[in-house]
Amino acid sequence: MSIESATDGNLLKITDPGFSAMGEEIRAAREQNWYARTTYGIAVLRHGEVGALLKDRRLRQGSWSWPAQNGITDGVLSDWWKNSLVGMEGEDHARIRKLVNPAFSHSVIATMTESFRELAHNVIDQFADSGACEFMTDFAEPYSSRALCRLLALPEGDWRELTQLSSHMGLAFGPEIAEQRATIEAAILALYARADELVAQRRRQPTDDFVSQLVIATDENGDRLSDQELRELITSLIFGGMDTTRSQLGLMMQAFVKHPNQWALLADQPELAAQAVEEVIRFNPTIHWTTRLAIEDFSFQDVDIPEGTVLHLMSYSSGTDPLAVGDASFDITAKRAPHFGFGGGRHHCLGHFVARLDIREALQALSQRLAQPRFSAPPSNRPPTGNTGPIELPVSFVPARPN
């Protein structure tokens, strides 16, 4: 059966400003079939198929040509995109991941536990006694930015500047990439300078920190990352770690405010924090889908997929698929099928241990310090499309002290 001959009802208008990856039309389409046609490619809706296609080597990362699609084929932005892991495939991609995997391992990242825990309480101390905060600016932004500064041994006092640079880089993923090119490229160059300085310091005097692990990483043949590769990697890590974690922390708080019994449960059983992180990312993720591109003609589940077809692998839809998770309501005690909030296959997020750790420590500290959180004014959010998150999240609460 071809994609075009399938009778899936109306097209999902994913390019419309009002489209929601969490909407009823997605749920209705998922009940009918594992996929649906859209105004731009096909959407894969069910858990089993998303998991299989994330690992399918007949697909490549789908946003690799995004700058070129917007007329940007050379210069700083084009080069950064092509040289980042997002834009790479094949042997180059596998080589870099092999070299950096030890630095991103659980054992290395776990050494940051106490630092992240202390930081979370330090940030909460700034507003805890007031009984209210604007969660994004008072906690999510400073915590995520300062945590990454600590991981990379960047000056923690520079977190505001680094946050702004990361925000400017994020414009590269939006529809105004061409109009914002100068701003984006200035941010890339500024972060390149930070990364170059870090690498030069660790080349002169390596320590046992995370960046040193990247700098000294070698394989069995003595291969190691070049300064340019380290620059690209660290720049992407600063951008991704600050922006994505900030958004996910806000969505985490949104979910718990709407489910106060789960917050109370976590406060009583802080050991549930790690499992709660997985449930939050499944139930209210910042990344609602990832994109892949067919690099050859193939058939999947009796559907013919021509070369060049764009597939949107819907992580939110798959994470709430009743065929995989049963009752999809928010429950931090439930045992679930794995979610795809960090992607999968060759492009599984390298920094997932970092994200899991700093969100876990934030969640555990917050649940011990902020009792009965509730919205003190309606939140505002970015559109629930590809990447989303709160813009403003006013919260009031009863101040509490950890046991």
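Not measured: the values here are computed from a predicted model.
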- [ ] Quick one: pull up CH2 in Trp34 and CG in Leu53 and give me the separation to the nearest 0.5 Å.
- [x] 6.0 Å
- [ ] Decide yes or no on side-chain contact (heavy atoms from CB on, under 4.5 Å) for Thr245 and Ile359, but give the supporting numbers first.
- [x] CA-CA 7 Å; Thr245 302; Ile359 295 173; 4.1 Å; yes
Task: Check: Glu134 side chain, Thr137 main-chain N or O, donor-acceptor pair, under 3.5 Å - done: yes
Task: Contact check, side chains of Gln254 and Leu251, non-hydrogen atoms, under 4.5 Å - done: yes
Open item on the list: Taking the ring of Phe283 and the ring of His259, is the distance between their centroids below 6.0 Å?
Closed with: yes
Task: Which atom of Thr39 lies closest to which atom of Ile14, heavy atoms considered - done: OG1-N, 3.4 Å
- [ ] Taking the side chain as every heavy atom from C-beta outward, state whether Ser247 and Thr244 have any pair of such atoms under 4.5 Å apart.
- [x] no
- [ ] Kindly compute the distance separating CD1 (Ile72) from CD1 (Ile184), expressed to the nearest 0.5 Å.
- [x] 6.5 Å
Task: Audit row: Glu361, Thr113, side-chain contact (heavy atoms from CB on, under 4.5 Å) steps and yes/no - done: CA-CA 7 Å; Glu361 292 304 317; Thr113 300; 3.6 Å; yes
Open item on the list: Do the side chains of Arg46 and Asp321 get close enough for a salt bridge, i.e. N-O under 4.0 angstrom?
Closed with: no
Open item on the list: Less than 4.5 Å apart, side chain to side chain, heavy atoms only: is that true for Arg97 and Arg346?
Closed with: no
Task: Within residues 149-170 or reaching into it, pairs that qualify as ring-ring contact (aromatic ring centres under 6.0 Å, His included) - sequence neighbours excluded - done: none
Open item on the list: Using only atom types and a distance under 3.5 Å, with no angle test, would you say the side chain of Ser317 pairs donor to acceptor with the backbone of Leu45?
Closed with: yes
TODO: Answer yes or no: are there more than 12 heavy-atom neighbours, outside Glu91 itself, under 6.0 Å from its atom CD?
DONE: no
- [ ] Without swapping roles, check the side chain of Glu141 against the backbone of Met242 for a donor-acceptor pair under 3.5 Å.
- [x] no
Open item on the list: Between Trp263 and Leu363, is there a side-chain heavy-atom distance shorter than 4.5 Å?
Closed with: yes
Task: Side-chain touch Arg181/Pro67, heavy atoms, less than 4.5 angstrom - done: no
TODO: Looking only at non-hydrogen atoms, find the nearest pair between Ala36 and Ala29 and report the distance.
DONE: CB-CB, 4.1 Å
- [ ] Rounded to the nearest 0.5 Å, what's the gap from OG on Ser167 to CG on Leu162? Could you check?
- [x] 12.5 Å
Open item on the list: Please tell me whether His47 and Phe340 form a close aromatic pair, meaning their ring centres lie under 6.0 Å apart.
Closed with: yes
TODO: Using modelled atom types only, decide if a donor and an acceptor are shared between the side chain of Gln275 and the backbone of Ala334 within a distance under 3.5 Å.
DONE: yes
Open item on the list: As a quick check of understanding, evaluate salt bridge (charged side-chain N to carboxylate O under 4.0 Å, His left out) for Asp331 and Arg336, giving each step before the final call.
Closed with: CA-CA 10 Å; Asp331 182 357; Arg336 306 286 193 188; 5.3 Å; no
- [ ] Please confirm whether the backbone N or O of Glu278 pairs with a side-chain atom of Arg356, one donor and one acceptor, at under 3.5 Å?
- [x] no
Task: CG on Asn284 to CE on Met253, rounded to 0.5 Å - done: 12.5 Å
Task: Tyr143 side chain reached by Asp358 side chain, heavy atoms, under 4.5 Å - done: yes
TODO: Kindly check if the number of other-residue, nucleotide or ligand heavy atoms within 6.0 Å of CD (Gln372) is above 12?
DONE: no
Task: Backbone N/O of Asn122 and side chain of Gln126: donor-acceptor pair under 3.5 Å - done: yes
Open item on the list: Main chain of Pro270, side chain of Gln364: is a donor-acceptor contact present, judged purely on distance under 3.5 Å?
Closed with: yes
Task: Ion pair Arg146/Glu156, N-O distance below 4.0 Å - done: yes
TODO: Please round to the nearest 0.5 Å and tell me the distance separating atom CG of Leu366 and atom CZ of Phe135.
DONE: 5.0 Å
- [ ] Measure from the side-chain N and O atoms of Arg95 to the backbone N and O of Arg224, and report whether any donor-acceptor pair falls under 3.5 Å.
- [x] yes
Task: Polar contact flag, side-chain donor to acceptor under 3.5 angstrom, Glu232-Gln228 - done: yes
- [ ] Would you name the heavy atoms of Val44 and Glu49 that are closest together and state the gap between them?
- [x] CG1-CB, 3.7 Å
- [ ] Using a cut-off of 6.0 Å, state whether more than 12 heavy atoms not belonging to Glu24 lie near its atom CD.
- [x] yes
Open item on the list: Minimum heavy-atom separation for Ser84 and Ser236, please, with both atom names.
Closed with: CB-OG, 4.0 Å
Open item on the list: What verdict does the salt bridge (charged side-chain N to carboxylate O under 4.0 Å, His left out) test give for Arg292 and Asp56, after you've listed the backbone C-alpha separation in whole Å, the side-chain angles of each residue and the deciding distance to 0.1 Å?
Closed with: CA-CA 10 Å; Arg292 296 290 186 267; Asp56 198 309; over 6 Å; no
Open item on the list: Less than 4.0 angstrom from a charged side-chain N to a carboxylate O is my criterion; do Arg194 and Asp158 meet it?
Closed with: yes
- [ ] Evaluate the salt bridge (charged side-chain N to carboxylate O under 4.0 Å, His left out) criterion for residues Arg203 and Asp227: first the C-alpha distance (whole Å), next the side-chain angles of each, then the deciding distance (0.1 Å), finally the verdict.
- [x] CA-CA 10 Å; Arg203 289 249 190 257; Asp227 285 359; 2.7 Å; yes
Open item on the list: Does Asp208 have more than 12 heavy atoms from other residues, nucleotides or ligands lying within 6.0 Å of its CG?
Closed with: no
Open item on the list: Would Phe397 and Phe127 count as a side-chain contact (heavy atoms from CB on, under 4.5 Å) here? Give the steps.
Closed with: CA-CA 11 Å; Phe397 53 89; Phe127 61 83; 3.8 Å; yes
Task: Flag, side chain of Ser65 to backbone of Ala68, donor-acceptor distance under 3.5 Å - done: no
- [ ] Give the minimum heavy-atom separation between Leu54 and Thr290, together with the two atoms involved.
- [x] CD2-OG1, 3.8 Å
Task: Validation row: Leu393, Phe375 side chains within 4.5 angstrom (heavy atoms) - done: yes
Task: Shortest non-hydrogen separation from Phe210 to Ala103 and the atoms involved - done: CE1-O, 3.2 Å
TODO: Using the side-chain contact (heavy atoms from CB on, under 4.5 Å) rule, take Gln213 and Val100 through it: C-alpha gap first, then chi angles, then the decisive distance, then the call.
DONE: CA-CA 8 Å; Gln213 293 289 323; Val100 304; over 6 Å; no
Open item on the list: With a 3.5 Å distance limit and no angle check, can you tell me whether Glu307 reaches the backbone of Ala294 through a side-chain donor-acceptor pair?
Closed with: no
Open item on the list: With heavy-atom distances below 4.5 Å as the criterion, would you say the side chains of Ile305 and Tyr35 are in contact?
Closed with: no
Task: CA sep, side-chain torsions, deciding dist, call: Ser166, Arg246, side-chain hydrogen bond (donor to acceptor under 3.5 Å, both in side chains) - done: CA-CA 11 Å; Ser166 297; Arg246 172 190 179 278; over 6 Å; no
Open item on the list: Using 30° and 60° as the class boundaries, would you call the ring planes of Phe256 and Phe330 parallel, tilted or perpendicular?
Closed with: perpendicular
Open item on the list: Let me confirm one number: the CG-CG distance from Asn70 to Leu77, rounded to the nearest 0.5 Å.
Closed with: 9.5 Å
- [ ] Begin with the C-alpha distance, continue with both residues' side-chain angles, and end with the deciding distance and a verdict on salt bridge (charged side-chain N to carboxylate O under 4.0 Å, His left out) for Arg58 and Glu296.
- [x] CA-CA 6 Å; Arg58 297 167 295 186; Glu296 61 182 82; 5.3 Å; no
